[in-house]
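Just so it is clear, the values below take in all heavy atoms, side chains as well, and ignore hydrogens, waters and symmetry mates. Proteins come first, then strands; the chains are lettered A, B, ... in the order of their sequence lines, and each starts at number 1.
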2 protein chains.
Amino acid sequence: LIDVAGITKDYVTPGGVDVPVLHGIDLAIRRGEFVAIMGQSGSGKSTLMNILGCLDSPTAGRYVLTGNDVSALRDGQLAAVRNKTIGFVFQGFNLLKRMTALDNVALPLAYAGVSKREARRRARAQLERIGLGEFAGRLPNQLSGGQQQRVAIARALVMEPALVLADEPTGNLDTQTSNEIIDIFVKLNREQHMTVILVTHEPDIAARADRLVRLKDGVITYDGPAATG
Amino acid sequence: LIDVAGITKDYVTPGGVDVPVLHGIDLAIRRGEFVAIMGQSGSGKSTLMNILGCLDSPTAGRYVLTGNDVSALRDGQLAAVRNKTIGFVFQGFNLLKRMTALDNVALPLAYAGVSKREARRRARAQLERIGLGEFAGRLPNQLSGGQQQRVAIARALVMEPALVLADEPTGNLDTQTSNEIIDIFVKLNREQHMTVILVTHEPDIAARADRLVRLKDGVITYDGPAATG
Ligand SMILES: Nc1ncnc2c1ncn2[C@@H]1O[C@H](COP(=O)(O)OP(=O)(O)OP(=O)(O)O)[C@@H](O)[C@H]1O
Ligand SMILES: Nc1ncnc2c1ncn2[C@@H]1O[C@H](COP(=O)(O)OP(=O)(O)OP(=O)(O)O)[C@@H](O)[C@H]1O
Ligand SMILES: [Mg+2]
Ligand SMILES: [Mg+2]
């Protein structure tokens, strides 16, 4: 599904300073895999996720997604891929503040041309599946941090995407709620072969994936089985 | 330092629905204590922290802080208390997006009337103490999630407040960086008798406090020693 070769990413700060962040990432992920990514704060996890999610382009290297060279896609095609193929849970949630939880979750469907009524029906079902049905009418600032995070997860899953990229999706959740969320990812992975790439800094969460990739200072230092026992 | 009696908090949603969140909180915390608060997502932790931080007022009950009944303070006095006495690390960081990390950390000092030059000097020292000296000139969107969280922590500590309220300050941090942050809190607590109230959902972090308060559905269900071994 995913074939990343020689990916580098450099930023340039306003001061004109060059900040190299990823230094040559090679990664091949097959459909249906469940991969955890771990690494220190600042090691490049979100940067890599943004490239995998077609939200950012690498400075060098090649990214082939479902057989397509992503750098060859035009903006409209890229947007379609992001909408239909990829579900992204952002580290900072990125909910739209003036829309209700329901309409935030319905947004990808509306963007795909689904009728507003049907989009809301499916969004409501998704919120109920995640235990937040009663919060459908709330605005993001009327939700707790963990509730906002779960609305962002519901939004990422509502299109039933082939690939879910989840950037620290349980960072604001207590242990029990975290496990319920991971149960959902595991279920979708096992039953619908949804490919899951999950950034986490909690070893217990990473242990529930099949494969672990460790990132350190912008390079992969481990790529193998998740649980060692 | 803190005396909370009979605190309740109800919200009213736009639909006019009454949402009772805190149902009678009694809590007494002495100067120099290190308290962890745990509880499920949605149990009311941030709501309680906002009341303790004088950012929100309770629906009923009394809050006495350093001998003053908070409800009797006028807006200007409340703002002064928040600025000088309390350092708040928000669950969502709340950094100002158009200011650099340095100026975000300097802001409480500037607000207290410290000269811009001196405020920046102290802010830079605070950032270096937390390991982020080289990021002083970055904007928040040029920082990783965990780096933004640490800038928020630096800002909370820069006034050397008597009370630090930290709402999930390690939620976006890897284990090693989390421990470094908690080391800083422990040091300030032991050496400068800074009172620390820390919301966390990670048992390992909570175990580093002296006292643990568990919140469930808006009531305290446990208030005692943190580590049981
Ligand atoms: N403005 C509001 N209007 C209505 N309900 C609200 C509002 N703000 C918060 N709530 C509700 O109050 C409850 C407690 O919220 P709070 O943010 O205190 O939870 P929390 O314990 O901090 O959760 P988390 O661990 O997810 O951060 C939640 O169910 C939330 O939906
Ligand atoms: N726009 C930018 N300009 C300059 N540097 C940036 C920019 N965005 C990110 N960085 C830097 O790139 C590095 C990697 O950032 P990234 O967000 O990928 O880290 P991360 O592994 O996700 O960290 P965390 O665990 O804290 O979320 C960081 O040192 C960060 O400061
Ligand atoms: Mg990140
Ligand atoms: Mg909270």
How long is the gap from CG on B/Leu173 to CD on A/Gln40, to the nearest 0.5 Å? 10.0 Å
Among B/Ser178, B/Pro203, B/Gly44, B/Gly171, the residue with the most heavy-atom pairs under 4.5 Å to chain A is B/Gly171
Would you mind checking which part of A/Thr170 comes under 4.5 Å of any heavy atom in chain B, side chain (CB onward), backbone (N, CA, C, O), both or neither? backbone
Nearest 0.5 Å, what's the OG1-CD distance between B/Thr175 and A/Glu202? 8.0 Å
Just by distance, do the side chain of A/Asp174 and the backbone of B/Ser41 share a donor-acceptor pair under 3.5 Å? yes
Using non-hydrogen atoms and a 4.5 Å limit, figure out which bit of A/Val19 sits close to chain B: side chain, backbone, both or neither. side chain
Counting only heavy atoms not in A/Arg214, do more than 12 fall under 6.0 Å of its CZ? no
With a strict 4.5 Å heavy-atom criterion, list every residue of residues 139-149 of chain B that contacts chain A, or say none. B/Gln142, B/Ser144, B/Gly145, B/Gly146, B/Gln147
